[in-house]
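Note sheet for the following structure.
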Amino acid sequence: MLLKKERGIIMMQNIDRVLLSEEQIQNKVKELAAQLSEEYKGKDPIFVGVLKGVVMFYADFLKNFTEECEMDFMWISSYRGTNSAGMLVRQDLSKNIEGRHVVILEDIFDTGNSLQFTYEHLIAKNPASLKICTLLDKPERRREGVTVKADYTGFVIPNEFVVGYGLDFNEHYRNLPYVGVLKPEAYL
Ligand code: IMP
Ligand code: MG
């Protein structure tokens, strides 16, 4: 078994460069949490995390959100059938959100398929309001037909595959405290 330190070196060898440092991320997350603490004061919002990529952002954000709030999670997956492709809910919310103020927390807004699907799924449950807060946004990748917009965005990033701070390649690298660009040879 590899020691944590050795595993770290192997992971780092596959990182081309650090796009967002741990400090940059932490500062931004605090900024977002301060802004939403102000805007959701007295509204007791429910923060819905879309698993699994959001876990780091979710935990750091919630620790810095200073007002009353609740937590809930959804787990969605994409599938490819014989003649269709789409998204499905693998685990739905545990709470009734009807009449509640809801904020979706996401790691990355890429093609937009996930957020479009999540938004439509939640709006059908009649929340009092529904907004989207994403740590990262890759606007160049947006699929035509995606109509949802992020209400709060941490960083707009270029069209490169990134890992770390919850984001994975083949389920790995989620535990890096920064966001890095993966070397193409690590996935080609
Ligand atoms: P979507 O394309 O906007 O639906 O994003 C779907 C999911 O793909 C995101 O929630 C991430 O888990 C994943 N994803 C998109 N871009 C990246 C990336 O650059 N690195 C790692 N995962 C990504
Ligand atoms: Mg993923």
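Numbering of ligands and ligand atoms starts at 1, following listing order. Values below: every heavy atom of this structure, side chains too, minus hydrogens, waters and symmetry copies.
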Spatial distance of atom CD1 (Ile76) from atom CG (Leu51) [nearest 0.5 Å]: 9.5 Å
Would you say the side chains of Gln35 and Tyr40 form a donor-acceptor pair under 3.5 Å? no
Does the side chain of Thr111 come under 3.5 Å of the side chain of Arg141 through a donor N or O and an acceptor N or O? no
Below 4.0 angstrom from a heavy atom of Glu106, which ligand 1 atoms are there? Numbered from 1 as shown, please. 10 (O)
Numbering as shown, the atoms of ligand 1 that approach Ser114 to under 4.0 Å (heavy-atom distance): 1 (P), 4 (O), 5 (O), 6 (C)
Would you say the side-chain atoms of His121 and Asp92 include a donor-acceptor pair closer than 3.5 Å? yes
Before signing off on this row, confirm whether Val163 and ligand 1 have an N or O atom pair separated by under 3.5 Å. no
Is there a side-chain contact between Val89 and Phe117 (heavy atoms, below 4.5 Å)? yes
In sequence, state the C-alpha distance, the side-chain angles, and the governing distance for Arg174 and Leu167, and then conclude on side chain to side chain contact (heavy atoms under 4.5 Å, CB included). CA-CA 5 Å; Arg174 292 191 195 273; Leu167 289 154; over 6 Å; no
Which of the numbered atoms in ligand 1 are below 4.0 angstrom from a heavy atom of Asn113? 3 (O), 4 (O)
Would you check the N or O atoms of Phe161, main chain and side chain alike, for any that come under 3.5 Å of an N or O of ligand 1? no
Out of all atoms in ligand 1, which are within 4.0 Å of some heavy atom of Thr111? Include the element for each. 1 (P), 2 (O), 3 (O), 4 (O)
Nearest-0.5 Å distance that lies between atom CG in Leu130 and atom CG in Leu122: 5.5 Å
Should the pair Arg142 and Phe109 be classed as cation-pi, given the thresholds of under 6.0 Å to the six-membered ring centre and 45° from the axis? yes
Angle class for the Phe61/Phe57 ring planes (parallel below 30°, perpendicular above 60°, tilted otherwise)? perpendicular
Hey, is Arg143 touching ligand 1 through its side chain, its backbone, both or neither, going by heavy atoms under 4.0 Å? neither
For Gln116, state whether at least one heavy atom is located under 4.0 Å from any atom of ligand 1. no
How does Asp107 reach ligand 1, if at all, at less than 4.0 Å between non-hydrogen atoms: by side chain, backbone, both, or neither? side chain
Going by the 4.0 angstrom heavy-atom rule, the piece of Glu160 near ligand 1 is backbone
Taking the non-hydrogen atoms of Gly53, is any one of them nearer than 4.0 angstrom to ligand 1? no
Close-contact set for ligand 1 against Asp168 heavy atoms, below 4.0 Å: 21 (C), 22 (N)
Go through ligand 1 atom by atom and flag the ones less than 4.0 Å from a non-hydrogen atom of Asp110. 1 (P), 2 (O), 3 (O), 5 (O), 15 (C), 16 (N)
Can you tell me if Lys138 has a non-hydrogen atom under 4.0 Å from ligand 1? yes
Should we say atom CD of Glu38 is surrounded by more than 12 heavy atoms from elsewhere, each under 6.0 Å from it? no
Using non-hydrogen atoms of the residue, decide whether Val162 is closer than 4.0 angstrom to ligand 1. yes
